[in-house]
Each structure stands twice: as structure tokens, then as C-alpha cells.
Amino acid sequence: MSTTNTTASGAPDAPGTAQDFDLVIRGSKVMIAEGTGPLEVGIRDGVITSVEPLGADLQGGEVIELAPDETLIPGLVDSHVHVNEPGRTEWEGFASATRAAAAGGVTTIIDMPLNSIPPTVNTEALAVKRDAARDQAFVDIGFWGGAVPGNTADLRELHDDGVFGFKCFLLHSGVDEFPALEVDEMETDMAELARLDSLMIVHAEDAHTVETAPQDFSNEYASFLASRPRDAENLAIAAVIERARRTGVRAHILHLSSSDALPLIAEAKRDGVKITVETCPHYLTLTAEEVPVGSTAHKCCPPIREGDNREQLWQGLQDGTIDCIVSDHSPCTVELKDLDTGDFGTAWGGVSSLQLGLSLIWSGARERGIPLEQVVEWMSARPAALARLSRKGGLAVGKDADLAVVAADDSFVVDVNKLHHKNAISPYEGRSLNGLVRRTYLRGQAVDGAAPTGELIRRES
Ligand SMILES: [Zn+2]
């Protein structure tokens, strides 16, 4: 690795003399884009203003020396979170979600436009969301808009009001107030978003394929898996690629589960279609074969698939076909998971993993010989690039001092009652994971879970 030797201001900072920084963090393992090594990080007014080799003796109002087992990483950016407030605040809320985020090393979330009421499909609804979030943000929060039938005229206003892009569904979303688009309607909206240089993010499962799949549900996971076949994803992804190619829009495939779609996506990327793809911790860590009978905590859409599919997704990440890993944190109340019957047909679909993402992915990566730097790139730099957040997603001069301290070799056992998200249900209960987040900093301030210092962020123009 090489070290940087720069300061944000042109002024000579004369390391070792003046008390130039509000906070200095020193450690033998500090992760910058070039690699991990012994560095000192100087922070002023919430911004990283200096990164120097360890020994430079930067002086600050507060100086923190990392323990030998600690790595300082850039805070993660999670661009796929359903906070559900207002409207379904009993499912999740801004305070609990952002406390969970901070505890997991996530310093920026972007909230999905549905499951809250009203859904974020016009600027009035966006204002309602912001009012709900404003005083209870423990990390930074941005918002996606929604593209639904009939709101094409609202997209520009929402864009101008700072949303990072627009989500649409190609089949029933699960909530009636956020209807799906027909493929032609999606193309109309894509054309509008191409004019705005915005981004269309798509829940890509084909409605007809799901409607005609077996719907013979029981408490066996296989009954649910059969109802959401890979073809539903493959067909819908092909449609997104075709319409993205035609309109020139930036398009993003949400929560990829079907590895069968990887060659299609790789080919589209080679052809210059502006398409990006995310997958989620549950598809990379869990398998259909091991879901216990009646364990509806594992139900999500698209579904967790077989072990060989999981390995193909890891391969897709490593060869660059998949761009990033985000949570799709989508909670509900414990009652809605129908744990008493364990019926995979009626239980709400969604996995809560905002607090565990880094540990889950690091545990899986390490088993496969993938370094922590790669994990952080997938979970921080890449989602920040997707949302064009130039101040996030890296530990570098000029970026916000959003940081996490991770003990990569520490292990812990998941106890759902100790997680911060609102409803104590998780498919990871009892699982042993590596990588403990010891502290999280937002703009150079340690997040304490008491004083909400997060900001509501907008698309950079
Ligand atoms: Zn989602």
C-alpha cells in the first residue's frame, strides 16, 4: 500500500505542532482505498482533513489510539432499508433502524419508498417522511422515491426535491398502496428518469411467472421456494435490461437472488447498458436446504435459494457482475411472521439484518479467502457510488468522517433480543459470526444512541 500525504486546506498543517484537529484517530490498521496500514486520521468539523503515516503525531482536541486488534474502516452505506415510518411504525421506525445501523457500522441509509404510509410517491409524502425522520436519525438518512402507475408527472419534482432515484415493482409489492408497473409503464418512467439523469431501481420478479407457479403453501420452505421460481427473476431482469438499453437510463437490479441471471447481466454490462446489481446478506449466507420447518423468519422475496446458487452469487461479486451488498432490511411485527403456524404462504416476507450485515458478509468472505477490504468496498464504496454520494463510502481527505472500528477476529453469537431493530425476529438467531463493530463515528462524533446527530441527506446535484 501507499500512504497519502495530503491535507484538505492548502495551508501547511505542520504535523506534530499545532492542535489542528477536533479528533485524531491513530492505529496500525486503518483502511484507505489503497489498502490497510499504520495511519493517523485527522478530523476537523466532521470532515477527514488529513491522513498521515503513523508517527506523524497529529494533534487534536481528542486523540484515540486504536487497540492492536482494531481496524478503522469507512462507515457502510446501506441503500436498501425499509424504515416503515410513518404508517407502519410498529414494524420499524427511524430511531430503532438507525440505532441498529450505527451498531452495525452503517453510517448512511437510504430509505425505501414503500411500507410506510404514505408511500414516497410525491413531494408531499416525502415531506411527511422527512418530518418523521428529522429528530430521530442516529445515522444519515436519504430517500428513494417511488414510481407507481400514474405518478410519472411527480418524478421530476421528487428528483428536484432530492431523492436518489426511483423504485418500481414488476409484480405485487406486498402492500396495496404501492402498485406495480407494467413493463411498458416502467419504460415510460425510465425515459423520464434518463432525461433527469436519475436512477430506476427495480424489484425484478415477473408477475405472470409468479402467478402461474405452484401456490401450495405449507410450513415447508420448499413450498415457498417453488412459488417464486428463478425464472421469475430471470425474465424480469431481461425486461429491465431491454428497457434500460432502449431508454439509456441508469437501472439497478435490487436484491438479486437467482444466479441464473448473472450471464445475462454480465453480457449487458459488456454491451454498455448502464446496469448495476445488488445482492443481500441472506442470499450469501443462508440456503434453502437448511431452513427449518416453519421458520418464516427466512421468508423474503425473492427467496433464499439453494447452496449452489449462493456460491454462484459470491462468484458474481468477485467477477464484478454484482456491484454491491446491501441489507434489504425489511422488518415487520412478530405476529405477521405467523410463527404459530409457520405457514410460508401467509407470513410476511422480509429479513431484518441492518445491524448484522458487515459481520455476516465478513464471516462468509473470510471462509472463502476474501479480504476485509473487498467486503468494505462492496458495502461502502459501491453503494455510495450507486447513490452518487461523493462524501461517503471512503476514508479519504475531503470525505465525511463516517467511520467504524471493527475487531475483525472477534466472534459473537447473535442474540436477537440484543439487536436494536424494533421486532425481535431474525433468521440469524444463535449464529456465530466474526467481526464485531466496537464503535461508530458519524462526522467525527461517536454515535451514542442517545443524541441523534444524523442528517437528512439529498441527492448531490
Ligand atoms: Zn426491499
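Reckoned from all heavy atoms, side chains included, excluding hydrogens, waters and symmetry mates. In this text, all values refer to a predicted model and were calculated from it rather than measured experimentally.
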Note, D323 side chain near L386 side chain (heavy atom, < 4.5 Å): no
Short side-chain to backbone donor-acceptor contact, E289 and G307, under 3.5 Å: yes
Side-chain H-bond candidate by donor/acceptor type, D328 with S330, under 3.5 Å: no
Beyond-backbone contact of H252 with I275, side-chain heavy atoms, under 4.5 angstrom: no
Basic-acidic side-chain contact under 4.0 Å: D197, R250: yes
I322 and L313, any side-chain heavy atoms less than 4.5 Å apart: yes
Salt bridge D415-R431, side-chain N to carboxylate O under 4.0 Å: no
Ion pair D161/R130, N-O distance below 4.0 Å: yes
M379 side chain reached by I361 side chain, heavy atoms, under 4.5 Å: yes
Check ion pair D409-R366 (N to O, under 4.0 angstrom): yes
Pair D78, S327: side-chain N/O donor-acceptor within cut-off below 3.5 Å: yes
Distance-only donor-acceptor check, side chains E85 and Q136, under 3.5 Å: yes
Side-chain donor/acceptor of K274 to backbone N/O of K269, under 3.5 Å: no
Side-chain ion pair, R26 and E65, N-O less than 4.0 Å: yes
Basic-acidic side-chain contact under 4.0 Å: R443, D402: no
Side-chain donor-acceptor pair present, R305, S257, cut-off under 3.5 Å: yes
Short N-O contact, R382 and E377, less than 4.0 angstrom: yes
Polar side-chain atom of K167 near backbone of G145 as donor-acceptor pair, under 3.5 Å: no
Residues E70, K29; criterion salt bridge (charged side-chain N to carboxylate O under 4.0 Å, His left out); working and verdict: CA-CA 7 Å; E70 291 177 341; K29 290 185 280 193; over 6 Å; no
Heavy-atom side-chain contact between I457 and L389 under 4.5 Å: yes
L170 vs V202 side-chain heavy atoms within contact, under 4.5 Å: yes
Criterion side-chain hydrogen bond (donor to acceptor under 3.5 Å, both in side chains) on N423 and T333, from CA distance to verdict: CA-CA 6 Å; N423 287 283; T333 59; 5.5 Å; no
Worked check of side chain to side chain contact (heavy atoms under 4.5 Å, CB included) between E52 and L39: CA-CA 6 Å; E52 298 282 345; L39 295 168; over 6 Å; no
Close side-chain approach of T123 and D154, heavy atoms under 4.5 Å: no
R310 side-chain N/O to T287 backbone N/O, donor-acceptor pair under 3.5 Å: no
Residue from H421, H420, H82, H255 passing ring pair (Phe, Tyr, Trp, His ring centres under 6.0 Å) with H329: H421
Under-4.0 Å salt bridge between E192 and R195: yes
Salt bridge (charged side-chain N to carboxylate O under 4.0 Å, His left out) between R368 and E311, worked out: CA-CA 10 Å; R368 293 169 177 82; E311 296 315 307; 2.7 Å; yes
CZ (R134) with more than 12 external heavy atoms under 6.0 Å: yes
Residue pair H159 / E157, side-chain donor-acceptor N/O under 3.5 Å: no
Pairwise side-chain contact, L360 with L433, heavy-atom cut-off 4.5 Å (strictly under): yes
S363 side-chain N/O to N434 backbone N/O, donor-acceptor pair under 3.5 Å: yes
Pair S116, K129: side-chain N/O donor-acceptor within cut-off below 3.5 Å: yes
Derivation of the salt bridge (charged side-chain N to carboxylate O under 4.0 Å, His left out) call for D189 and R243: CA-CA 10 Å; D189 286 351; R243 305 307 169 108; over 6 Å; no
Residue that, paired with Y441, satisfies side-chain contact (heavy atoms from CB on, under 4.5 Å) out of V41, I64, D400, I43: I64
Side-chain H-bond candidate by donor/acceptor type, Q59 with D57, under 3.5 Å: yes
Backbone of K337 reached by a side-chain donor or acceptor of K299 within 3.5 Å: no
Reference residue D111; test side-chain contact (heavy atoms from CB on, under 4.5 Å); the match among F143, F164, W144: F143
